[in-house]
Participant: 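I have a structure here, written as structure tokens, and I will follow up with some questions on it.
In what follows, every heavy atom counts, from backbone to side chain, and hydrogens, waters and symmetry copies are set aside. Worth saying up front: this structure is predicted, and the values here are computed from it rather than measured. Naming: A, B, ... by sequence-line order, numbering from 1 per chain.
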2 protein chains.
Amino acid sequence: MDAKEGMENFIRLISAIPLFNGLPTEQLDAIRRIAVEKRYSKGQTIFSEGDKTTGFFVIVEGRVKIYKVSSEGKEQILHIFEAGQSFGEATVFTGQRMPANAQTLAQTHLLLFKRNAFVDLVSSNPSLAMNLLGIMSKKLRQFAAQIENLSLKEIPARLASYLVYLSEEQGTEDAVVLNVSKGQLASLLGTIPETLSRIFAKLSGQDLIRVEGPKIILTDRDGIENLAEHTKDDA
Amino acid sequence: MDAKEGMENFIRLISAIPLFNGLPTEQLDAIRRIAVEKRYSKGQTIFSEGDKTTGFFVIVEGRVKIYKVSSEGKEQILHIFEAGQSFGEATVFTGQRMPANAQTLAQTHLLLFKRNAFVDLVSSNPSLAMNLLGIMSKKLRQFAAQIENLSLKEIPARLASYLVYLSEEQGTEDAVVLNVSKGQLASLLGTIPETLSRIFAKLSGQDLIRVEGPKIILTDRDGIENLAEHTKDDA
DNA sequence: TTTTCATCTTGATTTAAGTCAATGTCATCG
DNA sequence: CGATGACATTGACTTAAATCAAGATGAAAA
């Protein structure tokens with residue numbers, strides 16, 4: 001009974017994850033059998049660049065940052081993943097070493113799917129493959145947007161883009177709450193804390209936003225949206 | 001007979017494309033039935049950002065650049081695709097509008113797979129789905145590398161990375177031939193022609209390379225590889 | 001050949017953002 | 001409670017790369 005309850009809990013857990021959406025119970029059970037549960041406290045490293053591929057991860061609870069570090073020690077966050085999202089898919093199919101680092105930003109509960117078992121599962125399971133294709137497509141698109149931001153927009157525009165994104169994410173119109181520290185946000189935007197701090201000050205001075213700790217009030221949402229598109233000039 | 005020969009030609013054509021690798025003839029034939037042939041001369045636009053999704057493209061012959069343009073008109077090339085490669089996969093699965101522009105760099109022969117037909121084909125064809133997952137994984141990895149380059153490396157290091165990449169691509173040790181104009185290369189590296197030109201001059205002055213038109217001689221390959229990793233300092 | 005046009009290079013200058021250094025703020029812990 | 005340490009801000013300065021502006025090169029067209 002305990003085992004059965006455990007299984008039911010597990011099924012409930014993973015059926016809420018987009019990747020496993022719409023899969024029949026039978027296949028969820030197959031997924032359960034190859035999943036390995038992993039738990040981490042805040043700030044722990046899950047894997048490092050150059051590690052050999054372990055498999056791919058689904059976040060049940062918590063938050064994980066995927067990042068690169070330059071030879072001078074500057075960090076660029078590629079992505080921050082939340083509960084329900086997955087990471088490391090690509091390494092499963094290319095079979096190369098991990099191309100980046102992963103670290104928890106909070107206490108985190110993961111499911112690890114080891115490479116071979118997962119590949120077998122996907123190849124015999126078209127719905128799962130289609131889900132995965134959808135998820136990877138979305139990631140490709142996000143990366144393309146990040147490349148665009150880094151190359152074509154100045155930092156104020158990148159920040160504005162991020163604020164707009166957050167407000168959509170959070171379903172709010174006129175205020176957002178940063179879900180990472182400002183230092184981490186700097187790394188996500190491809191800059192450093194000092195610069196980000198100055199840009200917060202500058203946008204505040206232009207009455208586009210008001211900064212109250214981690215809460216950012218969008219006093220001029222149109223202005224922010226406009227800034228998010230353009231690269232420079234203006235007032 | 002003509003029809004049969006045409007089919008055989010087609011099968012030969014597409015079986016050489018990685019995406020369709022290892023598929024049985026029967027399925028190659030199914031692929032043939034949904035492919036639409038498209039031919040373009042050099043410099044033509046295949047699609048523009050914001051167009052509604054048409055489907056996904058395989059390059060039989062020619063070269064295509066995928067790029068974004070900023071509000072000031074600066075261009076960032078996301079990728080240049082060659083014969084045998086495919087692009088636009090992601091839009092098929094997200095169903096959103098085209099997130100970038102595509103333009104031919106040479107006379108180009110494409111196969112277009114319209115969205116619905118292709119999705120049906122993939123979902124009923126695990127090998128094809130797995131091939132596609134492999135290809136998209138590789139693209140994710142390349143995008144991650146591009147983000148790293150843009151954010152963590154200065155332009156000389158980006159150029160050095162690209163030269164190393166080209167020399168691996170071309171299987172040469174000590175010289176590479178640029179496969180795009182220097183102006184296009186600037187856009188690919190996230191900079192402008194003037195800056196790229198100066199950096200070519202600088203690296204030449206350091207006796208790392210010698211520039212002879214589109215041919216770059218790697219007079220100090222170790223130095224180039226070293227530069228590709230580091231961000232700044234040095235001589 | 002000479003003209004034309006695109007591509008590329010070089011120079012002078014500006015500017016956005018990084019660096020270095022100091023100081024401020026705040027929560028937690030001993 | 002004051003002290004420690006992470007996080008954030010501000011200031012002075014440097015620097016990589018963009019911009020603006022001429023030229024140079026080279027290939028194709030007249």
Side-chain angles (χ1 to χ4, degrees), chain A residues 42-43 65 69-77 103 105-106 149-160 177-206 209-216 227 230-235, chain B residues 42-43 70-77 105 149-160 177-206 209-216 227 230-235:
Chain A
K42 180 176 175 173
K65 73 169 171 181
V69 179
S70 78
S71 50
E72 278 82 32
K74 187 183 168 191
E75 171 189 296
Q76 168 70 41
I77 296 179
Q103 195 178 90
L105 293 175
N149 283 338
L150 286 172
S151 165
L152 301 178
K153 292 183 186 171
E154 296 179 347
I155 297 172
R158 291 182 219 162
L159 174 58
V177 179
L178 298 182
N179 52 3
V180 287
S181 73
K182 288 175 186 169
Q184 296 287 289
L185 177 57
S187 166
L188 192 58
L189 298 179
T191 186
I192 56 173
E194 293 96 315
T195 298
L196 181 61
S197 190
R198 286 183 183 113
I199 289 172
F200 269 127
K202 185 179 148 204
L203 298 189
S204 298
Q206 293 172 174
I209 60 174
R210 199 139 34 80
V211 180
E212 295 177 359
K215 184 176 176 185
I216 314 295
L227 177 61
H230 281 260
T231 311
K232 63 174 176 184
D233 71 52
D234 279 348
Chain B
K42 180 176 174 173
S70 79
S71 51
E72 277 84 32
K74 186 183 168 191
E75 171 189 296
Q76 168 69 41
I77 297 179
L105 294 175
N149 284 338
L150 286 171
S151 166
L152 300 179
K153 292 182 186 172
E154 296 179 348
I155 296 172
R158 290 183 221 163
L159 174 57
V177 179
L178 297 181
N179 52 4
V180 287
S181 74
K182 288 176 186 169
Q184 296 287 289
L185 177 57
S187 166
L188 192 57
L189 298 179
T191 185
I192 56 173
E194 294 95 315
T195 298
L196 181 60
S197 190
R198 287 182 234 277
I199 289 170
F200 268 127
K202 186 178 147 207
L203 299 190
S204 299
Q206 291 172 178
I209 60 174
R210 198 140 34 79
V211 181
E212 295 178 358
K215 184 177 177 186
I216 314 295
L227 177 60
H230 280 261
T231 310
K232 64 174 172 185
D233 70 52
D234 279 345

Participant: In whole Å, what is the span from the CG atom of Leu159(A) to the P atom of dA16(C)?
Facilitator: 16 Å
Participant: How would nucleotides 7-13 of chain D be written as a contact map, 5' to 3', with B for base contact, S for sugar-phosphate-only contact and - for no contact, using protein heavy atoms under 4.0 Å?
Facilitator: -SBBBB-
Participant: Between dA16(C) atom C1' and Arg158(A) atom CZ, what is the distance in whole Å?
Facilitator: 10 Å
Participant: Give the minimum heavy-atom separation between Pro193(B) and Ala186(B), together with the two atoms involved.
Facilitator: N-CB, 3.6 Å
Participant: Which residues pass the side-chain hydrogen bond (donor to acceptor under 3.5 Å, both in side chains) test with Glu75(B), sequence neighbours left out?
Facilitator: Lys65(B), Ser187(B)
Participant: So what does Gly213(A) touch, heavy atoms closer than 4.0 Å: a base, only the sugar-phosphate, or nothing?
Facilitator: nothing
Participant: Starting at CD1 of Ile216(B) and ending at C1' of dC8(C), how long is that distance when rounded to a whole Å?
Facilitator: 12 Å
Participant: Counting N and O atoms only, with roles assigned by atom type, does the side chain of Lys182(B) sit under 3.5 Å from a partner on the main chain of Pro214(B), one being a donor and the other an acceptor?
Facilitator: no
Participant: Please state how far atom CD in Glu75(B) lies from atom C1' in dA18(D), giving the value in whole angstrom units.
Facilitator: 17 Å
Participant: Roughly how far, to the nearest 0.5 Å, is the NZ atom of Lys153(B) from the CG atom of Leu227(B)?
Facilitator: 9.0 Å
Participant: Rounding to a whole Å, what distance do you find between Ile192(A):CD1 and dC20(C):C1'?
Facilitator: 10 Å
Participant: Quick one, give me the B/S/- string for nucleotides 25-30 of chain C, reading 5' to 3', where B means a protein heavy atom under 4.0 Å from the base and S means that only happens at the primed atoms, P, OP1 or OP2.
Facilitator: ------
